[in-house]
Amino acid sequence: KLSLKNKIILIIKMPENIEDKIIKSILNCGAKLIIIEKSINKLSKLYDKIKKKKYENIFLYPMDILYNTQKDYYKLVNFLYINFGRIDGIIYDLPELGKSSPFEQYEIQELYKIMNKNFYDKFIMLKIITPLIKLSKNPSIIFITHNIKNLNTYWSGYACANTALQTLI
């Protein structure tokens with residue numbers, strides 16, 4: 001039950017459909033939990049749940065991953081280092097499917113958005129947070145993705161981002 005005792009777990013963008021199970025499981029196993037989320041509304045609801053259920057060792061950090069600069073990432077890593085010293089595990093929610101359309105009708109701006117959200121920001125975040133992960137004795141990184149084999153042929157932007165992420169992993 002206490003396999004995560006004294007571990008520091010970072011969740012980037014909390015998956016809505018399983019957030020309660022993840023929070024409860026991680027905290028019941030003895031870990032500290034840091035959640036990065038862009039939606040202040042979602043963070044407020046999460047904070048209310050935390051207070052109501054009297055969870056301890058959970059920290060919320062508002063940050064819009066999609067529109068960050070390298071300076072924002074370094075600021076986050078500095079905050080994490082000063083307050084926690086290391087990161088033992090990362091759970092990264094991936095899926096932003098975007099719009100489904102035939103390849104020739106796929107908007108370039110949509111491709112930029114999907115590649116940024118589903119690949120580039122993860123690449124940059126991992127590059128910058130790696131020194132904190134290396135301070136852990138046994139770190140883990142988990143990406144939540146969709147199985148692109150189950151998507152139709154019109155998800156070309158997401159398929160490209162997912163393939164790039166699989167290569168990075």
Quick check: does any side chain N or O of [X] sit under 3.5 Å from a backbone N or O of [Y], one acting as donor and the other as acceptor?
X      : Y      : result
Asn162 : Tyr158 : no
Lys134 : Ile129 : no
Asp88  : Ile9   : no

Contacts of type side chain to side chain contact (heavy atoms under 4.5 Å, CB included), residue [X], not counting sequence neighbours:
X      : answer
Asn57  : Leu27, Lys32
Glu110 : Lys99, Tyr106, Glu107, Lys113, Ile114
Leu135 : Tyr81, Arg86, Leu132

* Structure fact -> Heavy-atom nearest pair, Ile90 first then Ile87, reads CG1-CG2, 3.8 Å
* Structure fact -> Heavy atoms of Gly157 and Met115 approach each other most closely as O-SD, 4.3 Å
Supply the atom-to-atom distance [X] [atom1] to [Y] [atom2], rounded to the nearest 0.5 angstrom.
X      : Y      : atom1 : atom2 : answer
Leu165 : Cys160 : CG    : SG    : 13.0 Å
Ile11  : Ile23  : CD1   : CD1   : 6.5 Å
Ile133 : Leu126 : CD1   : CG    : 6.0 Å
Thr130 : Met125 : OG1   : CE    : 11.0 Å
Phe79  : Ile34  : CZ    : CD1   : 7.0 Å
Tyr61  : Leu76  : OH    : CG    : 5.0 Å

* **Any side-chain heavy-atom pair of Ile12 and Met63 under 4.5 Å** => no
* Asked: Would Tyr120 and Tyr112 show up in the same hydrophobic cluster when neighbours are defined by side-chain heavy atoms closer than 4.5 Å?
  -> no
* Could you walk me through whether Ile8 and Leu80 pass the side chain to side chain contact (heavy atoms under 4.5 Å, CB included) check? -> CA-CA 10 Å; Ile8 301 164; Leu80 294 172; over 6 Å; no
